[in-house]
Amino acid sequence: MSDIPKVIDDASELRAFMAGVADAPFLALDTETTGLDPLVDKVLLIQIGTASRQALVDAQALTPEELTVLIPDEQTLVMHNASFDLKMLAGLGLPIAKLANASVVDTMLTEQVLRNGRQSELSNGRVGLNILAERYAGMTLDKSVRGAFTAMNHISEMGEAELRYAQRDVEATWKVFATQLPMIKSSGLLRTIALEGRACWSWAEMERRGFPIDSEAWKALVTSASDTRKEKRAALDEAFSEVAPRDLFGQCSINYDSDQEVLRYLGMLGLELQSTREQKLKDTGHPAALALIAYRTYQKIVSTYGESFLEHVHAQSGRLHPRFKPIGAKTGRASSSEPNLQNIPNGSEFRGCFRPSGDRKLVTADYSGAELRILAEASADPVFIQTFCEGGDLHSIVASQMFQTSVSKSENPELRSRAKAINFGLVYGMGAAGLAAQIGSSVDDANRLLDRYFRQYPAIRGYLDNSARAAIRNGYAETLAGRKYWFIDRLRKGDDEHSLARMAKNMPIQGTNADMAKLAMARISRAFANRHLDAFLVNMVHDELVVECAGACVDEVREIVVGEMRSAGAEFVTKVPIEVEVNVGDYWSH
DNA sequence: GAGGCACGCGCC
DNA sequence: AAACGGCGCGTGCCTC
């Protein structure tokens, strides 16, 4: 395309263009914005089209209603990093119901799914549009042009270079997907890629809407932790007093945050350790080691969850707008950053600081025992299946069968906790040494326990061993939805085979959990939009979804969330019921 | 002073 | 030495 397409600034012209491309199997869409923040930055240009025909649309010249024609009812929209464009379009005012129901495919996520784990031979795992355009379409995209947009207020400031850049972006996106399409079909990854596309709107909404936080309450917790840290540090100084160096004022000058230093001074106290991790410190039982553990608890709070955490509060919304990576982990799990909302301390007051204003509510729902239900499904173990179908307590049942005595949460709880440690550990591919550390037994005893466990549940052993063998044989592990994680590169690189076997056992379970949670998110967001509810997702923590809604619709919201989470789980797990625990409150809690 | 790595630890 | 899967972040510490 050598000619510069003219910019469309008229609704009828846009409708005419869309009619002209109505028979294309899919349309690529891209936006040029003044920045990355949908609450602050503006959409300058929206590009849409195919490999041969592209339109550049002045986003400011048309009303949101006029722009809705960009989202076709029948055609799939292909975007690179779709959640970004979707949140910017939502910020521009395009109707939520329209955006939520768009058929979306994301070329970036598609690339991640297609290559998951075998990236190293090409581009080192990078999935930028410029990389894919080069690889799949032989196109060179000059990303340096993009910087120019940040300084602009209006499309009229765009010169020929910028317009050409914008045009080539959408053309490249279309061509990239055209190349990916046959790979999707032949790889058996259609279901996974469709799932990722469906969830894009949910990620967009979570990032744009943000998670409500009571900053003052948070600060109070940090201040309190900071005071306690000071006390714990004084106790530490006391415990190290015989060996501590002193500064000019007689103050102890050990840096307790330096593992090197701590190990050195512990050695002077007669404790020769190789590591300062909590379990090792605890094992010594030494007062100095225990004092260090106490200090670390508060140091962690003040550093990771301290004042710097609140720097992420948005000046305009007063809320946290994290970045979600839909495929943050090779298993298929998502991740969150800036800030990470998936590692907020639980069982403390911190979660209580996340509260919406007014009479709005948070609906918190989590899959209960999802990974063990997935293990039951995948292994088809009869005892696991029967227990979950009858609503029994799996850990107690397993313990009573292993130890030939009656076990419940109140009867022989120590046997139940041993069974629980094994049940959960197996999901991680745990061995005897790990179990021994977990339950505080000898490795021999742990071995005997595992033997007994596997004799009782041969289907579990068979399934896990087969997962590991299949991964070595096929070069990949896969979830119940067919999401794959290739081990080729790691095998070639000479990674430890036992480590690979553990990953191969864990990935199908952890990944299936991620698959069902993502499907639930996608369905929940659409249900809210279609019923025009004042409700939206605000966080997801792997097997837990958090929704904010108006108090008036909280009952309907709860029903949708629970219903969609259950039915999404049932798409993958059919032999046992998938159960959801839900809590409604003024703040985030289980 | 920036960048990268290891460690330790918060979550599931 | 550890021996349990997946993340992101703060800190120390090293290199450039």
Side-chain angles (χ1 to χ4, degrees), chain A residues 116-117 225 254-263 272-281 283 292-293 295-309 311-312 322-348 350-351 366-372 374-375 421-439 443 446-447 450 464 467-468 471 477 479 485 496-514 517 539-545 588 590:
Chain A
N116 195 22
I254 299 176
N255 180 356
Y256 298 111
D257 299 325
S258 163
D259 299 328
Q260 277 184 16
E261 267 186 59
V262 165
L263 283 175
E272 295 291 342
L273 295 178
Q274 283 75 41
S275 151
T276 70
R277 70 181 55 179
E278 184 174 346
Q279 189 57 51
K280 292 287 154 202
L281 294 172
D283 290 345
L292 183 60
I293 293 172
Y295 163 80
R296 284 237 182 103
T297 304
Y298 296 92
Q299 163 62 12
K300 175 72 177 178
I301 292 172
V302 174
S303 57
T304 303
Y305 306 105
E307 299 282 334
S308 62
F309 189 90
E311 285 170 16
H312 291 108
R323 295 156 57 112
F324 283 100
K325 278 191 215 167
I327 307 176
K330 296 288 195 291
T331 56
R333 265 196 189 171
S335 70
S336 150
S337 62
E338 301 170 71
N340 183 358
L341 290 183
Q342 296 179 320
N343 71 342
I344 305 299
N346 204 347
S348 72
F350 281 88
R351 294 201 177 193
D366 61 294
Y367 283 117
S368 73
E371 294 195 323
L372 288 174
I374 292 164
L375 179 59
I422 300 180
N423 283 335
F424 281 126
L426 289 177
V427 169
Y428 301 143
M430 182 186 65
L435 178 61
Q438 181 70 37
I439 64 177
V443 175
N447 250 319
L450 281 177
L464 292 171
S467 284
T479 68
Y485 176 7
D496 174 42
E497 277 215 23
H498 291 99
S499 164
L500 291 179
R502 286 192 296 271
M503 282 194 286
K505 289 174 182 176
N506 175 254
M507 183 273 173
I509 299 170
Q510 185 183 124
T512 301
N513 197 354
N539 198 7
M540 91 87 84
V541 190
H542 310 306
D543 61 358
E544 170 183 352
L545 302 180
W588 184 19
H590 284 285

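Proteins get letters first, then strands, A, B, ... in listed order; numbering begins at 1 in each. Excluded from the calculations below are hydrogen atoms, water molecules and symmetry mates; all remaining heavy atoms, backbone and side chain alike, are included.
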Nearest-angstrom distance from the residue atom CD of A:Glu311 to P of C:dC9: 13 Å
Roughly how many Å is it from CG in A:Asn423 to P in C:dG5, rounded to a whole number? 18 Å
Between the CG atom in A:Asn539 and the CG atom in A:Leu341, the distance rounded to the nearest 0.5 Å is 5.0 Å
Tell me every residue that passes ring-ring contact (aromatic ring centres under 6.0 Å, His included) with A:Tyr428, counting only those two or more places apart in sequence or in another chain. none
Spacing between A:His312 atom NE2 and C:dG8 atom C1', to the nearest angstrom: 11 Å
Which comes earlier along DNA chain C counting from the 5' end, the contact point of A:Thr304 or that of A:Gly434, where each point is its nearest nucleotide? A:Gly434
Distance, P atom - from C:dC4 to B:dC5, rounded to whole angstrom: 25 Å
Between A:Gly425 and A:Ser337, which has a closest nucleotide on DNA chain C that is more 5'? A:Gly425
With sequence neighbours left out, write down each residue that passes ring-ring contact (aromatic ring centres under 6.0 Å, His included) with A:Phe309, or none if nothing qualifies. A:Trp218
Covered region of DNA chain B, 5' end to 3' end, by chain A [heavy atoms, under 4.0 Å]: B:dC7 to B:dC12
Using atom CD of A:Glu307 as one end and atom P of C:dG10 as the other, report the distance to the nearest whole Å. 13 Å
A:Asn255 CG to C:dG10 P: how many Å, rounded? 17 Å
Does A:Ser499 use its side chain to pair, donor to acceptor, with the backbone of A:Arg502 at less than 3.5 Å? no
Please state whether the phosphate of C:dC9, meaning OP1 or OP2, lies under 4.0 angstrom from any side-chain nitrogen or oxygen of A:Lys300. no
Assign A:Gln299 to base, sugar-phosphate, or nothing according to its heavy-atom contacts below 4.0 angstrom with the strands shown. sugar-phosphate
Counting only side-chain N and O atoms of A:Ser258, is one of them less than 4.0 Å from OP1 or OP2 of C:dT11? no
Could you give the distance from CG (A:Leu375) to OG1 (A:Thr512), rounded to the nearest 0.5 Å? 11.0 Å
For A:Tyr305, the ring-ring contact (aromatic ring centres under 6.0 Å, His included) test, sequence neighbours excluded, returns none
Do the side-chain N or O atoms of A:Asn343 get closer than 4.0 angstrom to the phosphate oxygens (OP1, OP2) of C:dC7? no
Within the structure, does a side-chain N or O atom of A:Arg333 lie under 4.0 Å from either OP1 or OP2 of C:dC7? no
Could you go through A:His542 and A:Arg333, starting from their C-alpha distance and side-chain angles, then the distance that decides it, and tell me whether this counts as side-chain contact (heavy atoms from CB on, under 4.5 Å)? CA-CA 7 Å; A:His542 310 306; A:Arg333 265 196 189 171; 3.3 Å; yes
Rounding to an integer number of Å, can you tell me how far A:Leu273 CG sits from C:dA2 C1'? 14 Å
Heavy atoms only, 4.0 Å cut-off, all strands: where does A:Ile344 land among base, sugar-phosphate and nothing? sugar-phosphate
Backbone N or O of A:Gly511 within a donor-acceptor pair of the A:Thr479 side chain at under 3.5 Å? no
State which of C:dG5, C:dC9, C:dA1 makes the closest approach to the side chain of A:Gln274. C:dA1
Nearest 0.5 Å please: distance from the NZ atom of A:Lys325 over to the OG atom of A:Ser335. 5.0 Å
Provide, to the nearest angstrom, the distance between the CD atom belonging to A:Glu338 and the C1' atom belonging to C:dC7. 15 Å
Of the listed nucleotides C:dA2, C:dA3, C:dG12, the one nearest the side chain of A:Ala433: C:dA3
Tell me every residue that passes salt bridge (charged side-chain N to carboxylate O under 4.0 Å, His left out) with A:Glu371, counting only those two or more places apart in sequence or in another chain. none
Backbone N or O of A:Ile254 within a donor-acceptor pair of the A:Glu261 side chain at under 3.5 Å? no
Spacing between A:Phe309 atom CZ and C:dG8 atom C1', to the nearest angstrom: 12 Å
Does A:Glu371 reach a base, just sugar-phosphate, or nothing at all? Heavy atoms under 4.0 Å. nothing
Distances under 3.5 Å only, N/O to N/O: pair up the protein atoms with those of nucleotides 14-16 of chain C.
none

Under 4.0 Å, heavy atoms only, any strand: does A:Arg351 hit a base, just the sugar-phosphate, or nothing? sugar-phosphate
So what does A:Lys330 touch, heavy atoms closer than 4.0 Å: a base, only the sugar-phosphate, or nothing? sugar-phosphate
When all nucleic acid strands are considered with a 4.0 Å heavy-atom cut-off, which category describes A:Ser499: base, sugar-phosphate, or nothing? nothing
